[in-house]
Amino acid sequence: MASEDLTGAARAVARRVGVGALTLAAVAKEAGISRATIYRRFASRDQLIASMVASELDELERVMVGRLRFTDDPRDTIYMLVREVLDYNANNELMQAALRYDAASMVPWVIRREGHPTLIDIVTDRALAFIEDSPIAGYLAPNPAAAVEFMVGAVCAELLSPARFLTHADIANRITDAIYRPGPPPS
């Protein structure tokens with residue numbers, strides 16, 4: 001059985017019980033394999049969770065890269081990127097389960113501490129790798145790094161505390177208005 005299949009089984013278990021209650025034994029049962037087989041692929045629960053997180057970040061990256069292919073109108077591209085990520089997060093059953101069951105254990109990942117990257121730092125760095133060299137980079141204010149950090153922070157805030165009165169379209173418009181610099185990109 002491939003590691004991707006085991007990660008899929010781990011997602012299914014985590015959606016039901018949360019990441020905190022995830023065990024290798026439960027994942028092995030979900031995948032229909034023995035405990036010994038899962039331990040050959042993942043030496044520990046932490047390795048399996050790291051694989052799940054990497055897979056989630058890769059999927060979010062695919063959403064972003066897919067959107068960055070369409071840059072005819074930079075403002076629309078930024079808006080749609082934010083909108084698609086908001087929709088992705090809202091419909092991501094694993095993330096929603098993690099928030100429902102494991103919110104307290106996620107707190108250290110959103111609070112800045114010396115020598116410990118936050119979730120926002122991790123996602124910002126991954127997004128910047130694609131956005132800095134993209135056609136929209138010159139339209140981001142005050143600069144690509146600050147704009148992406150703001151965008152990621154705002155999207156994370158929406159994930160942690162979904163809006164009651166604003167739609168994803170409203171939020172995407174406000175974020176885009178805050179970071180979009182109209183006109184030709186500076187030389």
Side-chain angles (χ1 to χ4, degrees), residues 1-69 80-131 148-149 151-164 168 171-172:
M1 174 167 273
S3 293
E4 297 83 32
D5 296 335
L6 292 176
T7 303
R11 275 194 193 93
V13 172
R15 284 192 301 265
R16 286 194 306 272
V17 300
V19 176
L22 182 83
T23 64
L24 288 175
V27 174
K29 183 176 179 182
E30 177 76 23
I33 61 172
S34 70
R35 286 185 191 182
T37 301
I38 198 166
Y39 277 101
R40 277 189 287 250
R41 298 285 161 97
F42 298 100
S44 69
R45 175 181 175 278
D46 288 346
Q47 279 187 350
L48 178 58
I49 292 171
S51 178
M52 288 171 49
V53 169
S55 177
E56 287 299 316
L57 289 172
D58 289 347
E59 185 57 35
L60 193 55
E61 198 172 272
R62 279 189 284 281
V63 169
M64 183 187 63
V65 169
R67 174 48 51 199
L68 288 175
R69 291 190 338 244
M80 286 307 299
L81 174 62
V82 174
R83 176 73 189 270
E84 288 173 12
V85 171
L86 287 166
D87 292 345
Y88 171 81
N89 286 343
N91 295 312
N92 184 311
E93 292 176 359
L94 179 59
M95 263 194 261
Q96 295 303 319
L99 290 168
R100 187 172 47 255
Y101 298 118
D102 306 307
S105 65
M106 294 176 73
V107 170
W109 288 98
V110 295
I111 297 174
R112 187 163 309 284
R113 296 186 323 262
E114 185 73 32
H116 183 272
T118 66
L119 179 61
I120 293 169
D121 296 334
I122 293 165
V123 175
T124 297
D125 290 346
R126 283 188 72 153
L128 270 173
F130 296 95
I131 292 177
V148 170
E149 182 179 60
M151 180 174 31
V152 170
V155 167
C156 282
E158 167 62 16
L159 177 63
L160 295 172
S161 181
R164 292 179 28 211
H168 285 174
I171 294 166

J.: Provide the closest heavy-atom pair for A97 versus A14 in the form atom of the first, atom of the second, distance.
T.: CB-O, 3.6 Å
J.: How far apart are the closest heavy atoms of V13 and A26, and which atoms are they?
T.: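 Closest pair (atom of V13, atom of A26, distance): CG2-O, 3.8 Å.
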J.: Show the nearest heavy-atom pair for residues A31 and A9, with the distance to one decimal.
T.: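 Where A31 meets A9 most closely, the heavy atoms are CB-CB, 3.9 Å.
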J.: Taking all heavy atoms of S34 and all of T37, pick out the closest pair and write down the distance.
T.: OG-OG1, 2.9 Å
J.: Look up atom CG in D102 and atom CE in M95, then write down how far apart they are to the nearest 0.5 Å.
T.: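 CE of M95 is found 13.5 Å from CG of D102.
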J.: Between I33 and L6, is any pair of side-chain heavy atoms under 4.5 Å apart?
T.: yes
J.: In Å, rounded to the nearest 0.5 Å, how long is the span from CG of L57 to CZ of R62?
T.: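 Atom-to-atom, L57:CG and R62:CZ are 10.5 Å apart.
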J.: Once rounded to the nearest 0.5 Å, what's the spacing between atom NZ of K29 and atom CD1 of I38?
T.: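 K29 NZ to I38 CD1: 13.5 Å, rounded to 0.5 Å.
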J.: Quick one: do the E158 and N89 side chains pair a donor with an acceptor below 3.5 Å?
T.: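 No donor-acceptor contact under 3.5 Å links the two side chains.
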J.: Can you name the closest pair of heavy atoms from I120 and G153 and give their distance?
T.: CD1-CA, 3.7 Å
J.: With respect to L81, which candidate in L86, V155, I131 satisfies the side-chain contact (heavy atoms from CB on, under 4.5 Å) definition?
T.: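 Exactly one option meets the side-chain contact (heavy atoms from CB on, under 4.5 Å) with L81, and it is I131.
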J.: Side-chain donor-acceptor pairs under 3.5 Å in residues 106-116, sequence neighbours left out?
T.:
{"from": "R112", "atom 1": "NH1", "to": "D121", "atom 2": "OD1", "distance (Å)": "3.1"}
{"from": "R112", "atom 1": "NH1", "to": "D121", "atom 2": "OD2", "distance (Å)": "2.8"}
{"from": "R112", "atom 1": "NH2", "to": "D121", "atom 2": "OD1", "distance (Å)": "2.9"}
{"from": "R113", "atom 1": "NH1", "to": "P108", "atom 2": "O", "distance (Å)": "3.1"}
{"from": "R113", "atom 1": "NH2", "to": "H116", "atom 2": "NE2", "distance (Å)": "3.3"}

J.: Which is it for R126 and D58 under the side chain to side chain contact (heavy atoms under 4.5 Å, CB included) test, yes or no, and what are the steps along the way?
T.: CA-CA 9 Å; R126 283 188 72 153; D58 289 347; 2.5 Å; yes
J.: Can you confirm whether L22 sits close enough to L48 that some side-chain heavy atom of one is under 4.5 Å from a side-chain heavy atom of the other?
T.: yes
J.: Indicate the atoms forming the closest heavy-atom contact of A127 with V148, along with that distance.
T.: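 A127 and V148 have their closest heavy atoms at CB-CG1, 3.9 Å.
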J.: How far does OG1 of T118 sit from CD of E149, to the nearest 0.5 angstrom?
T.: 8.0 Å
J.: Per the salt bridge (charged side-chain N to carboxylate O under 4.0 Å, His left out) rule, what does the pair list look like for residues 86-97, sequence neighbours excluded?
T.: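 Applying salt bridge (charged side-chain N to carboxylate O under 4.0 Å, His left out) to every pair that reaches into residues 86-97, excluding sequence neighbours, yields R15-E93, R83-D87.
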J.: Quick check for you: to the nearest 0.5 Å, what is the distance between E56 atom CD and L94 atom CG?
T.: 4.5 Å
J.: About how many Å separate CG of L24 and CZ of R45, when rounded to the nearest 0.5 Å?
T.: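 Rounded to the nearest 0.5 Å, the CZ-CG separation comes out at 8.0 Å.
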J.: Using modelled atom types and a 3.5 Å cut-off, is there a donor and acceptor pairing between side-chain atoms of Y101 and backbone atoms of R16?
T.: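 Judged by distance alone, yes, a pair lies under 3.5 Å.
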J.: Looking at T124, V82, D125, which one forms a side-chain contact (heavy atoms from CB on, under 4.5 Å) with V152?
T.: T124
